[in-house]
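Here is the structure we will look at.
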Amino acid sequence: MREREVGRGESMFALMRAVIAGVPRGKVITYGQVAEKAGFPKAARQAVWSLRDAKGLPWHRVVAAGGRIALPGEKGLDQRLRLEMEGVTFRGGRVRMDAHEWKGKAR
DNA sequence: TCCGTGACGCGAT
DNA sequence: CATCGCGCCACGG
(Lines give C-alpha, C1' and ligand atoms only; values in the text may rest on other atoms or scores of the structure.)
Protein backbone atom coordinates (compact mmCIF):
# COMPACT_ATOMS: atom_id res chain seq x y z
CA MET A 1 0.00 0.00 0.00
CA ARG A 2 2.17 2.69 -1.17
CA GLU A 3 2.20 5.21 -3.91
CA ARG A 4 4.16 2.88 -6.18
CA GLU A 5 1.51 0.24 -6.49
CA VAL A 6 1.82 0.34 -10.23
CA GLY A 7 3.56 -2.91 -11.01
CA ARG A 8 2.26 -2.76 -14.54
CA GLY A 9 1.41 0.36 -16.46
CA GLU A 10 -2.28 -0.37 -16.48
CA SER A 11 -3.15 1.59 -13.37
CA MET A 12 -0.74 4.31 -14.42
CA PHE A 13 -2.87 5.09 -17.42
CA ALA A 14 -6.00 4.76 -15.37
CA LEU A 15 -4.68 7.41 -12.98
CA MET A 16 -3.71 9.71 -15.79
CA ARG A 17 -7.07 9.31 -17.47
CA ALA A 18 -8.74 10.16 -14.18
CA VAL A 19 -6.71 13.36 -13.96
CA ILE A 20 -7.59 14.32 -17.51
CA ALA A 21 -11.24 13.54 -16.96
CA GLY A 22 -11.16 15.93 -14.02
CA VAL A 23 -10.18 18.96 -16.06
CA PRO A 24 -13.23 21.24 -16.24
CA ARG A 25 -14.52 22.97 -19.34
CA GLY A 26 -12.61 26.13 -20.16
CA LYS A 27 -9.45 24.90 -18.47
CA VAL A 28 -6.37 23.07 -19.75
CA ILE A 29 -3.56 21.02 -18.27
CA THR A 30 -0.10 20.13 -19.58
CA TYR A 31 1.21 16.63 -20.23
CA GLY A 32 3.74 17.11 -17.47
CA GLN A 33 1.05 18.11 -14.99
CA VAL A 34 -1.10 15.15 -15.90
CA ALA A 35 1.81 12.86 -15.14
CA GLU A 36 2.65 14.74 -11.98
CA LYS A 37 -0.88 14.68 -10.60
CA ALA A 38 -1.13 10.99 -11.44
CA GLY A 39 2.00 10.42 -9.36
CA PHE A 40 4.65 10.18 -12.08
CA PRO A 41 6.43 13.54 -12.28
CA LYS A 42 8.67 12.45 -15.15
CA ALA A 43 6.26 10.46 -17.22
CA ALA A 44 4.94 13.27 -19.40
CA ARG A 45 5.30 10.98 -22.39
CA GLN A 46 3.09 8.36 -20.84
CA ALA A 47 0.37 10.98 -20.60
CA VAL A 48 0.42 10.84 -24.36
CA TRP A 49 -0.20 7.12 -24.29
CA SER A 50 -3.20 7.56 -22.08
CA LEU A 51 -4.59 9.96 -24.66
CA ARG A 52 -3.88 7.51 -27.45
CA ASP A 53 -6.52 5.46 -25.75
CA ALA A 54 -8.64 8.54 -25.03
CA LYS A 55 -12.14 7.13 -25.56
CA GLY A 56 -14.40 9.81 -24.14
CA LEU A 57 -11.72 11.84 -22.42
CA PRO A 58 -11.45 15.61 -23.00
CA TRP A 59 -8.16 15.07 -24.86
CA HIS A 60 -8.27 18.56 -26.33
CA ARG A 61 -7.74 20.04 -22.84
CA VAL A 62 -4.26 18.54 -22.66
CA VAL A 63 -1.51 20.73 -24.11
CA ALA A 64 2.28 20.85 -24.01
CA ALA A 65 4.31 22.99 -21.60
CA GLY A 66 3.68 26.70 -21.97
CA GLY A 67 0.27 26.12 -23.49
CA ARG A 68 1.66 24.95 -26.81
CA ILE A 69 -0.48 22.73 -29.03
CA ALA A 70 1.71 19.68 -29.54
CA LEU A 71 -0.72 17.80 -31.77
CA PRO A 72 0.50 18.37 -35.36
CA GLY A 73 -1.51 18.92 -38.51
CA GLU A 74 -5.26 19.30 -38.71
CA LYS A 75 -5.68 17.54 -35.41
CA GLY A 76 -3.95 20.43 -33.71
CA LEU A 77 -6.18 22.88 -35.49
CA ASP A 78 -9.19 20.91 -34.34
CA GLN A 79 -7.94 20.94 -30.77
CA ARG A 80 -7.49 24.70 -30.83
CA LEU A 81 -10.98 25.13 -32.23
CA ARG A 82 -12.53 22.96 -29.54
CA LEU A 83 -10.71 24.90 -26.84
CA GLU A 84 -11.82 28.24 -28.21
CA MET A 85 -15.38 26.93 -28.22
CA GLU A 86 -15.01 26.35 -24.49
CA GLY A 87 -13.86 29.88 -23.92
CA VAL A 88 -10.13 29.25 -23.81
CA THR A 89 -8.18 32.22 -25.14
CA PHE A 90 -4.90 32.13 -27.01
CA ARG A 91 -1.93 34.38 -27.52
CA GLY A 92 0.31 33.79 -30.48
CA GLY A 93 -0.57 30.15 -30.97
CA ARG A 94 -0.29 29.39 -27.25
CA VAL A 95 -3.01 28.93 -24.69
CA ARG A 96 -2.90 31.69 -22.09
CA MET A 97 -1.86 29.41 -19.24
CA ASP A 98 -1.93 32.28 -16.77
CA ALA A 99 -5.70 32.33 -17.29
CA HIS A 100 -6.66 28.74 -18.10
CA GLU A 101 -4.15 26.48 -16.42
CA TRP A 102 -5.96 23.86 -14.33
CA LYS A 103 -4.36 23.91 -10.90
CA GLY A 104 -6.41 21.21 -9.26
CA LYS A 105 -9.77 21.21 -7.59
CA ALA A 106 -9.23 24.72 -6.23
CA ARG A 107 -11.43 26.26 -8.80
C1' DT B 1 17.16 -8.66 -25.12
C1' DC B 2 18.38 -4.58 -27.90
C1' DC B 3 16.63 -0.70 -30.64
C1' DG B 4 13.57 2.69 -32.30
C1' DT B 5 9.53 5.65 -31.44
C1' DG B 6 6.55 9.38 -29.42
C1' DA B 7 0.49 14.75 -29.01
C1' DC B 8 7.06 15.69 -23.70
C1' DG B 9 10.14 18.97 -20.62
C1' DC B 10 13.82 21.86 -19.89
C1' DG B 11 18.31 23.88 -20.00
C1' DA B 12 21.85 25.57 -23.25
C1' DT B 13 23.19 27.90 -27.47
C1' DC C 1 12.47 33.99 -29.36
C1' DA C 2 13.90 29.73 -32.43
C1' DT C 3 16.64 25.26 -32.35
C1' DC C 4 19.16 21.55 -30.62
C1' DG C 5 20.32 18.01 -27.55
C1' DC C 6 19.70 15.01 -23.68
C1' DG C 7 16.89 12.79 -20.20
C1' DC C 8 12.48 10.02 -18.98
C1' DC C 9 9.27 6.04 -19.54
C1' DA C 10 6.58 2.31 -21.53
C1' DC C 11 5.58 -0.19 -25.83
C1' DG C 12 6.25 -2.84 -30.12
C1' DG C 13 9.12 -5.13 -33.68
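Convention: sequence-line order gives letters A, B, ...; per-chain numbering from 1.
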Donor-acceptor pair, distance only, cut-off 3.5 Å: does the side chain of A:Arg61 make one with the backbone of A:Val23? yes
Ranking A:Ala43 and A:Arg94 by the position along DNA chain C of their nearest nucleotide, the one closer to 5' is A:Arg94
Figure out the CE/P separation between A:Met16 and C:dC8, and round it to whole Å. 16 Å
Side chain of A:Glu86, backbone of A:Arg25: donor and acceptor closer than 3.5 Å? no
Just by modelled atom types, is the A:Tyr31 backbone N or O under 3.5 Å from a matching donor or acceptor in the A:Glu36 side chain? no
Axial cation check for A:Phe90 ring with A:Arg80, 6.0 Å and 45° limits: yes
Under a plain distance cut-off of 3.5 Å, with no hydrogens placed, do A:Arg17 and A:Ser50 share a side-chain donor-acceptor pair? no
Return a single string for nucleotides 3-10 of chain B, one symbol per nucleotide in 5' to 3' order, where B is base contact, S is sugar-phosphate-only contact and - is none, cutoff 4.0 angstrom on heavy atoms. ---BBBSS
